[in-house]
Amino acid sequence: MRPSGRTTRLALSGVSVSYKSRRGPVLALEGFDLQVQPSSFVSVLGPSGCGKSTLVKLVSGLLRPTTGSVTFDGQPAAGPRDDVGVAFQQAALLPWKTAIQNVLLPLRITGQPAREAEARAQALLELVGLSAFRDRYPFELSGGMQQRVAVARSLIRDPSILVMDEPFAALDAMTRENMMIELQRIWQEARPSVLFITHSIQEAVFLSDRVVVMSGRPGRIIADVAIDLPRPRDLHTLSEPRFAQLTGELRDMFQAA
Amino acid sequence: MGGIANLAGEAARRLLPVALLVGLWWALVAGLGVPSRLMPSPAEVGARIYSGLVTDADMWPHLWQTAQATLLGFVLGGALAVAVGSLLAMNRALEKLAYPLVVLLQAVPKVAIAPLVLLWAGFDLRSTVLLVALICFFPIFVGTFVGVRAAPPVLLDLFRTLNAGRLHTFLHCNLPHAAGSIFAGLQVGWGFALVGCVVMEFITGTGGAGFLIDNSANALDAPTAVAAMVLLGVLGYVGGGLLAAARRRLVFWEGEARHG
Amino acid sequence: MDSVYGRELPRWADWALPAAGVALLLAAWHALAAWVVADATLLPTPMQMFANLWNWVAGGGFLPHLLATLTGTLLGLAIGASLGFCAGVVVGEVRALDRSLYPMVLALQAMPVVAIAPLVIVWFGIGLASKVALVAIGTFFVMFIHTVSGMHAAGSELIDMCRAFGGTRWRIVVAVKVRLALNYVFSGLEVCAALGFILCVVGEFIAADNGLGYYIKAASSNIDAAGMFAAVAVLAALASLLAGLVRLAHRYVVFWQFRKN
């Protein structure tokens, strides 16, 4: 469990990011202010091209902001951090390594001994429901299973912040729904702070404590809605009137974006 | 049990076109009455192969020389091509700098410089190995370069979020991903390598399958020439087959039916 | 943005770095020729080579050789590629031939086609005929295989398809399929362009009395590296020109003509 003594785990203040492109500078994010508290689940909703990927790159340390600051527990970010786990849109597994070897990859790269961590990796695979597949290769796994391995991988270093960039976008509707419920269960166990990018309103409401709505490019926050549904949430939550109310509210805001 | 039956079936499938080819050959030679000094019948060539490999065994040293020179040049050219291809692929600046040299290398038909290589390296095996290395360099280089650059950006991002160094990323991400493409280049390069070896043997006249073909053709000994050609084809086939098998084994994740 | 492939380069690097590469190449060549080898008959400096090439071009000494090689290659290409294409179309369309002949030809591929050169010269003698024959045989097989591949890719039941689809729809389907097949055919033609020169030159190495290959071999015996360099440069230019023309034709036929559909 994370220590909850500090108030803000992750903060973006006045962040703007501009790219150089052939037609001149492109402003991807503008005047972006976002705070994420410890152990809280924040979803980011936004239309295509609104700068969500840029946000992911900022938090995962792949990009520096053009103006403004990105701070972790008050300290400015200086590149990719050990306490940030990332899950991308594609599972991005190494095809020549087994599931468990893929989960252990971050530890291999950062030089920590993998043998001791094998038990941890095994436990994580159990957590995502794939312990029977630990020695399978990605080409032997379905898309949903590959994405679950990727989620397990993002948790191997016990991150305090997890960034997920539309991890279920490439999956079919039924698998998505299952993964949504699975993710909630996994999150309840480890309780990192999560920044979850999605364009599924249902996913956002089901999983989060807060939903942040972004505008089109240049992306900025136009709404920050607290989700007061009680936890743990399950399939019944989906049919509760408050759920429909919240999704309706967000849909209206989303259309306006 | 099933495995042996499968193997036998596979071998039969592979040999059938060859058998048909031999049949067609025999029919044409016999039917059109082609004289033996121009185009021998399959029986004559078969007999010559037998005498060349078994009874008189005078073809072995030549075959061995060709195989050796081709293999050596192939390994040399291949190693160089993978190294240079990797280096240029991993460094945009170097790539742009080397671009004119690469274009030049591609434009010059490598067989044309065989006499030049002969002039520089002399009449022994060295010049053959050198030409083979030069001629198979380009396809392997291209296979390596394209393969290394084709690493999925999302994987490269993943390695960057883990603060992996460039060398580490290259060895554990780009290079394994490039394996399939490199093997494809190797397979093309093997074909080129044989061409280079044969051409050099044509002009040095110091031995090898190329020398056999040229020498016996000049002496109007067509059966020997054709026999040497057939054995050369076998060498090409065996090399290609070994490479394909190695590719299936090492790049095991490609070509599999994928889920999801 | 930095990536694993190195720092992002400014726009001017796109031309400046290759230019620097050319300069570096020439400098290294000059250094090697002038100070390491120091023997112009083995390795001429860049300037010596260009001077030699200029004299050669201006004096017209290379013209008969150039024409000999060019004639042999182009004639052989014309014959071999067109026959290979026709044979490929026929075999692609007739199932029985496809099943029997195509695998036979594939089985032949393991042997490098240059190996037949000495025998072809014995058949046709020294001169243009053997060059043309050699190039024709080699390019025939390449075009044949590429054409049949193209037919396979497009689906060989074009005629059946014409009947199945009525009206204008079949025209679109046929156009798409033909275009796909033509891509294979043109890529085969590109291979033939390179292969043609190679075969012609190898033939000239073995036994000829003219041609760029003959010249190169003779220069080798005379220890005239400058002459060899000049001839190789001309050959490289010819081969590149032909390949470029084929690529242009490819673009024209496949992209321009079919744009209307």
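Labels below follow one simple rule: chain letters A, B, ... track the order of the sequence lines, proteins then strands, and each chain is numbered from 1. No hydrogens, no waters, no symmetry mates; every other heavy atom, side chains included, goes into these values. Keep in mind that what you see is a predicted model, and the values were worked out from it rather than measured.
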Which atoms of B:N215 come close to chain C, meaning under 4.5 Å heavy atom to heavy atom: side chain ones, backbone ones, both, or neither? neither
Identify which part of C:V22 has an atom lying under 4.5 Å from any heavy atom of chain B, answering side chain, backbone, both or neither. both
Tell me whether B:R92 contacts the main-chain N or O of C:G6 through its side chain, where contact means a donor paired with an acceptor under 3.5 Å. no
Measure B:A112 against the heavy atoms of chain C and call it side chain, backbone, both or neither at under 4.5 Å. both
Using non-hydrogen atoms and a 4.5 Å limit, figure out which bit of C:S221 sits close to chain B: side chain, backbone, both or neither. neither
For C:Y102, which atoms come within 4.5 Å of any heavy atom of chain B: side chain, backbone, both, or neither? neither
Which answer fits B:L235, side chain, backbone, both or neither, if we ask what part of it has an atom under 4.5 Å from a heavy atom of chain C? neither
Against chain B, label C:L106 side chain, backbone, both or neither, depending on which of its atoms sit under 4.5 Å from a heavy atom there. neither
For the interface with chain C, which of B:W190, B:W120, B:Y99, B:Y237 has the highest count of heavy-atom pairs at distances below 4.5 Å? B:W120
Among C:T41, C:L42, C:V201, C:V232, which has the most heavy-atom pairs under 4.5 Å with chain B? C:L42
Can you tell me which portion of C:I206 sits under 4.5 Å from chain B's heavy atoms? Options are side chain, backbone, both or neither. side chain
Considering only heavy atoms, which portion of C:I216 lies under 4.5 Å from any heavy atom of chain B: side chain, backbone, both, or neither? both
Between B:P115 and C:S220, which heavy-atom pair has the shortest distance, and what is it? O-OG, 3.3 Å
Against chain B, label C:L25 side chain, backbone, both or neither, depending on which of its atoms sit under 4.5 Å from a heavy atom there. side chain
If I compare all heavy atoms of B:V195 with all of C:P112, which pair ends up nearest, and what's the gap? CG2-CB, 3.6 Å
What residue, out of B:K110, B:E95, B:M39, B:R166, has the most heavy-atom pairs lying under 4.5 Å from chain C? B:R166
Tell me, side chain or backbone of B:V111 under 4.5 Å from chain C's heavy atoms, or both, or neither? both
Out of B:V226, B:V108, B:L116, B:L156, return the one with the most heavy atom pairs under 4.5 angstrom to chain C. B:L116
Could you look at C:A236 and say if it's the side chain, the backbone, both or neither that has a heavy atom under 4.5 Å from chain B? both
Gap separating the CG atom of B:D214 from the CZ atom of C:F205, nearest 0.5 angstrom: 13.0 Å
For C:I198 and B:P109, which heavy atoms make the closest approach, and how far apart are they? CG1-CB, 4.3 Å
B:A228 versus chain C, heavy atoms under 4.5 Å apart: side chain, backbone, both or neither? neither
Is the number of heavy atoms from other residues, nucleotides or ligands under 6.0 Å of B:F192 CZ greater than 12? no
Which bit of C:A194 comes within less than 4.5 Å of chain B, counting heavy atoms only: side chain, backbone, both or neither? neither
Would you give the length of the straight line joining atom NZ of B:K96 to atom CG of C:D14, rounded to the nearest 0.5 angstrom? 4.0 Å
Pick whichever of B:I203, B:N91, B:L24, B:L231 has the most heavy-atom pairs under 4.5 Å with chain C. B:I203
Decide if atom CD1 of C:I223 counts as having more than 12 heavy atoms of other residues, nucleotides or ligands within a radius under 6.0 Å. no
Is there a side chain to side chain contact (heavy atoms under 4.5 Å, CB included) between B:F170 and C:V4? Walk through the geometry before answering. CA-CA 8 Å; B:F170 168 70; C:V4 75; over 6 Å; no
How far does CG of B:L94 sit from CG of C:L17, to the nearest 0.5 angstrom? 9.0 Å
Side chain of C:Y5, backbone of B:R149: donor and acceptor closer than 3.5 Å? yes
Count the heavy-atom pairs under 4.5 Å between each of B:T169, B:V198, B:I213 and chain C, then report the option with the highest count. B:I213
Of all of B:L16, B:L101, B:V18, which one pairs up most often with chain C through heavy atoms under 4.5 Å apart? B:L101
So which atom in B:L97 and which in C:L24 form the shortest heavy-atom distance, rounded to 0.1 Å? CD2-CD2, 4.5 Å
When only pairs under 4.5 Å are counted, which of C:P103, C:P118, C:A225, C:A107 shares the most heavy-atom pairs with chain B? C:P118
Pairwise distance CG(B:L232) to CE(C:M111) - rounded to 0.5 angstrom: 7.0 Å
